[in-house]
Amino acid sequence: MINGTIRMPIRLHKFGEAWGLPDPSPFCVKVENFLREAKIDFEPVPFDPRLSFRRALKGKMPFIEDEDGALVGDSTLIIERLSRRRGLDLDAPLDTRQRAVAHAFRRMLDEHLYWVAVYSRWCDEPGWSIVRAMFFARLPALTRPVATVMARRGMTQALKAQGVGRHSRDEIYALGVKDVTALSRMLGDETYFFAVEHPTLLDLWAHAFVAEIVAPPIPSPLRDATRALSNLCDHFQRLQVRLYGSPVAVAP
Ligand SMILES: N[C@@H](CCC(=O)N[C@@H](CS)C(=O)NCC(=O)O)C(=O)O
């Protein structure tokens with residue numbers, strides 16, 4: 001009890017472990033990375049296919065129940081709120097220009113590279129067959145076919161509305177490869193972005209998005225290109241060990 005208020009541990013609503021990663025969603029991994037790096041206590045809440053999305057006030061995962069009971073959606077807004085309320089600034093070692101560059105790179109991962117990965121999982125093959133078998137296997141046999149078609153249609157429409165889904169397959173992957181190449185060049189030979197001593201927010205973001213491309217058993221031109229960027233793959237495993245204790249066995 002602090003100042004007469006009962007404080008609960010933060011409850012992190014996410015999908016749950018997949019492919020040796022803490023979650024199949026980079027946004028859920030991002031938040032968990034932040035909680036672990038900032039050493040904030042939290043409880044993961046198991047995904048309930050019937051209830052979780054209904055409770056998510058923005059209709060997306062992840063969301064948290066903060067220690068005062070507030071429901072907060074959107075991975076970036078969650079991290080901003082937790083940082084603000086705890087007086088934390090993981091980007092403290094960065095100067096103003098580095099903060100601006102880091103901001104632009106984080107947006108590239110959230111708002112562009114993510115959609116290329118969505119394409120590889122929900123539209124392209126063999127990604128879709130793998131995702132269908134994994135995400136929809138637990139649904140009742142009676143509703144599974146309709147739920148599967150509806151979910152894929154929703155993702156395809158979202159990709160079109162966002163814009164990436166209007167390009168050809170080759171164009172989509174070429175766009176994604178430019179993102180991971182830029183990220184790799186930005187990192188260079190450093191342990192963490194910007195050659196600082198501890199991970200900053202961009203390191204936590206990069207870990208989440210690179211993990212979701214290189215670790216799952218979903219081959220694609222994006223995965224091939226990212227796996228060839230050895231500094232980025234080493235950075236992902238470095239962060240994985242720092243935050244989760246051991247490296248991930250990446251799928252062959
Ligand atoms: N801007 C949101 C994006 C979250 C997001 O897109 N989550 C996906 C899973 S990776 C989701 O819940 N999608 C369900 C849907 O769009 O219906 C964030 O940063 O949290």
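The chain is numbered in sequence order, starting from 1. Atoms within each ligand, like the ligands themselves, are counted from 1 in listed order. Quick caveat: nothing in here was measured; it's all calculated off a predicted structure.
- Using a 4.5 Å cut-off between side-chain heavy atoms of Ile, Leu, Val, Met, Phe, Trp and Tyr, with links allowed through other members, Val45 and Val72 fall into different hydrophobic clusters.
- Under the rule for a side-chain hydrogen bond (donor to acceptor under 3.5 Å, both in side chains), Gln237 has no partner lying at least two apart in sequence or in another chain.
- Contact atoms of ligand 1 toward Pro62: 20 (O) (distance under 4.0 Å to a heavy atom of the residue).
- Scanning all protein heavy atoms for the shortest distance to atom 1 (N) of ligand 1 gives Asp74 OD2, 2.8 Å.
- Polar contact with ligand 1: present for Met61 (N/O pair, distance under 3.5 Å).
- Distances between N or O atoms of Ser75 and those of ligand 1 include at least one value under 3.5 Å.
- Between Asp203 and Arg238 there is no salt bridge, since no side-chain nitrogen of the basic residue lies less than 4.0 Å from a carboxylate oxygen of the acidic one.
- Of the protein's non-hydrogen atoms, the one nearest atom 6 (O) of ligand 1 is Lys60 CD, 3.5 Å.
- Within the set Phe27, Phe15, Trp115, the minimum heavy-atom distance to atom 3 (C) of ligand 1 is found for Phe27.
- Atom 17 (O) of ligand 1 has Gly59 O, 4.1 Å as its closest protein atom, hydrogens excluded (heavy atom only).
- For the side chain to side chain contact (heavy atoms under 4.5 Å, CB included) test, residues two or more places apart in sequence or in another chain that qualify with Phe53 are Phe15, Phe47, Met61.
- The only member of Trp115, Trp128, Tyr114 that meets ring-ring contact (aromatic ring centres under 6.0 Å, His included) when paired with Trp122 is Trp128.
- The closest approach between a heavy atom of Tyr114 and any atom of ligand 1 is below 4.0 Å.
- Residues Asn33 and Trp205 have side chains that never bring a donor and an acceptor to within less than 3.5 angstrom of each other.
- Near Phe53, meaning under 4.0 Å from one of its heavy atoms, ligand 1 places the atoms 12 (O), 14 (C).
- A salt bridge does not link Glu67 with Arg11: none of the charged nitrogens is closer than 4.0 Å to a carboxylate oxygen.
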